[in-house]
Q: 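My questions all concern the structure below.
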Amino acid sequence: MTVATPSSLYADLNVDAIADAPLASRTWYGVGGKADVLISPRDLASLAMLVRRCHRDQVPVRVLGSGANLLVSDAGVDGVVLSLDSPELRSVEYNQQGCVEAVRAWGGASTEKLVQELARRGLAGLEQMAGIPSSIGGALAMNAGGRFGCIGDAVHSVAVMTPDGNERVFLRESLAFEYRHTNIPDGIILWAVLRLREENPITVRDRLKEYFSYKKNSQPMSDASSGCMFKNPLLADGTRESAGRLIDLAKLKGFRVGSAFVSPKHANFIAVDTVGGRASDVAAIAQQIISRVFDTHGIMLEREVVFWGADIE
Ligand code: EPU
């Protein structure tokens, strides 16, 4: 690790800060090293000041969501890792401007909890996110989704804190939500207003159950992994091929590098041993899969999982 992040960046702010904070237990992989400093701002003003100072001093800022799509290097990461888990930054506000169908979810809110609460309230439109673990900010940043749709389908507007600490709001019309990609500018996703529709709570819950059981039957949800490692590649005819199928056809199910292995259930899931797991093994197996799939199919896979740390980024 390089120079330690000075505490003068955050000591006078309304934040919780942990120096040398272990990150492994905060990710689904459960492996990897420490954050130089992990900071949870308790209010928006402190977040803005911190972001401004980091920008001024060129200190890297990374946002940790639910850690579901993230691999942290065994050597850890420098700079500031932000956690938006304070009550203000993970809140959900219903009945926006008197409209029962408009809900504002802050970036740190849990998508899983929100999906359940919306069903309870009889609000439909986010069921496609059933079984996709994420924070709202993390899901928006990559337009997370699956067979039944993506988070972008429900978005009315998004607010982003730019690196200079200012807030900008983007309306749906200016936003593009594509396959695992959006044009939301770099910065910290503060909140999204979701546009939902009223429906019988039982119908919404039944849909949630159906989507969730599809996932459970086709994917290894109990292994330590980050879901799909690679994006489904775009073919010349404009369709996407399942990266899982390509890896499977390259005979890589069960393939192992040290503590990391290709799931025998769905080949796009790269899991790691819960005891003795190493991020370097996951990064190495990902590289080998890319080469083997290229040799077999002539298709270059692109990673979906985000890697943090100088040695694996
Ligand atoms: N298949 C295989 N072998 C495998 C995996 C899949 O032959 O090891 C075949 C399946 O039998 C099926 C086809 O490939 O015929 C497609 O499989 P699946 O329905 O599982 O979909 P996918 O394209 O592999 C995508 C998303 C998943 C999402 C599922 C279902 C990506 C990279 N993956 O997978 O998302 O859950 O559709 O909606 O877009 C994720 O993003 O983390 C993720 C898991």
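As the structure lists them, so they are numbered: ligands from 1, and atoms in each ligand from 1.
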Q: Counting both backbone and side chain atoms, is some N or O of Tyr214 under 3.5 Å from an N or O of ligand 1?
A: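 N/O-N/O distance below 3.5 Å exists for this pair.
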Q: Check whether any N or O atom of Lys231, backbone or side chain, sits under 3.5 Å from an N or O atom of ligand 1, and answer yes or no.
A: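 No, since none of the N or O atoms of Lys231 sits under 3.5 Å from an N or O of ligand 1.
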Q: For Ala267, counting its heavy atoms only, list the atoms of ligand 1 lying under 4.0 Å from any of them.
A: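 Taking each heavy atom of Ala267 in turn, ligand 1 has 4 (C), 8 (O) under 4.0 Å.
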Q: Relative to ligand 1, is Cys228 under 4.0 angstrom through side chain, backbone, both or neither, heavy atoms considered?
A: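 Under 4.0 Å from ligand 1, Cys228 contributes backbone and side-chain atoms.
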Q: Kindly write out the residues that satisfy salt bridge (Lys or Arg N to Asp or Glu O under 4.0 Å) with Arg278, not counting sequence neighbours, or none if the list is empty.
A: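 With neighbours one apart ignored, the set is Asp74.
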Q: Heavy-atom contacts with Lys253 under 4.0 Å: which atoms of ligand 1 show up? List them by number with element.
A: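 In order of numbering, the contacting atoms are 8 (O).
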Q: What do we get for Phe148 next to ligand 1 when only non-hydrogen atoms under 4.0 Å count, side chain, backbone, both or neither?
A: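 Looking at Phe148 and ligand 1, no heavy atom falls under 4.0 Å.
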Q: Heavy-atom pairs closer than 4.0 Å: do any link ligand 1 to the side chain of Leu249, the backbone, both, or neither?
A: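 Within the 4.0 Å criterion, Leu249 makes no contact with ligand 1.
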Q: Please confirm whether the backbone N or O of His55 pairs with a side-chain atom of Gln58, one donor and one acceptor, at under 3.5 Å?
A: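 Looks like no, no N/O pair under 3.5 Å.
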Q: Backbone or side chain, does any N or O of Tyr179 fall under 3.5 Å from an N or O of ligand 1?
A: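 Yes, since at least one N or O of Tyr179 sits under 3.5 Å from an N or O of ligand 1.
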Q: Can an N or O of Asp248 be found at a distance shorter than 3.5 Å from an N or O of ligand 1?
A: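 N/O-N/O distance under 3.5 Å: yes.
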Q: Could you say whether the N/O atoms of Gly227 and ligand 1 ever approach to under 3.5 Å?
A: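 Between Gly227 and ligand 1 (N or O atoms, distance only) the closest approach is not under 3.5 Å.
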Q: Number the atoms of ligand 1 from 1 as they appear, then name those within less than 4.0 Å of a heavy atom of Phe230, with their elements.
A: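 Those atoms are 32 (C).
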Q: Is there a polar contact between ligand 1 and Lys265, counting only N or O atoms under 3.5 Å apart?
A: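 No; the residue has no nitrogen or oxygen that sits under 3.5 Å from a nitrogen or oxygen of the ligand.
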Q: Measure from the side-chain N and O atoms of Asn143 to the backbone N and O of Thr182, and report whether any donor-acceptor pair falls under 3.5 Å.
A: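 Checked: no pair found.
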Q: Please could you name the atoms of ligand 1 that Lys215 approaches to less than 4.0 Å, counting only its heavy atoms?
A: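 Selected atoms, number and element: 36 (O).
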Q: Say whether, by atom type as modelled, one donor and one acceptor occur between the side chain of Asp281 and the main chain of Phe261 under 3.5 angstrom.
A: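 Judged by distance alone, no pair lies under 3.5 Å.
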Q: Go through ligand 1 atom by atom and flag the ones less than 4.0 Å from a non-hydrogen atom of Glu304.
A: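 Within the 4.0 Å cut-off of Glu304, ligand 1 contributes 32 (C), 40 (C), 41 (O), 42 (O).
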Q: For Arg104, enumerate each residue passing the salt bridge (Lys or Arg N to Asp or Glu O under 4.0 Å) test, keeping only those at least two apart in sequence or located in another chain.
A: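 By the salt bridge (Lys or Arg N to Asp or Glu O under 4.0 Å) rule, Arg104 matches Glu93.
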Q: Against heavy atoms of Asn232, which atoms of ligand 1 measure under 4.0 Å?
A: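 It comes down to these atoms of ligand 1: 22 (P), 23 (O), 25 (C), 31 (C), 32 (C), 39 (O).
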Q: Under 3.5 Å, side chain of Ser7 to main-chain N/O of Ala11, donor-acceptor pair present?
A: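 No; zero donor-acceptor contacts below 3.5 Å.
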Q: Considering the heavy atoms of Arg147, write down every atom of ligand 1 situated less than 4.0 Å from one of them.
A: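 Matching atoms, with element in brackets: 19 (O), 30 (C), 38 (O).
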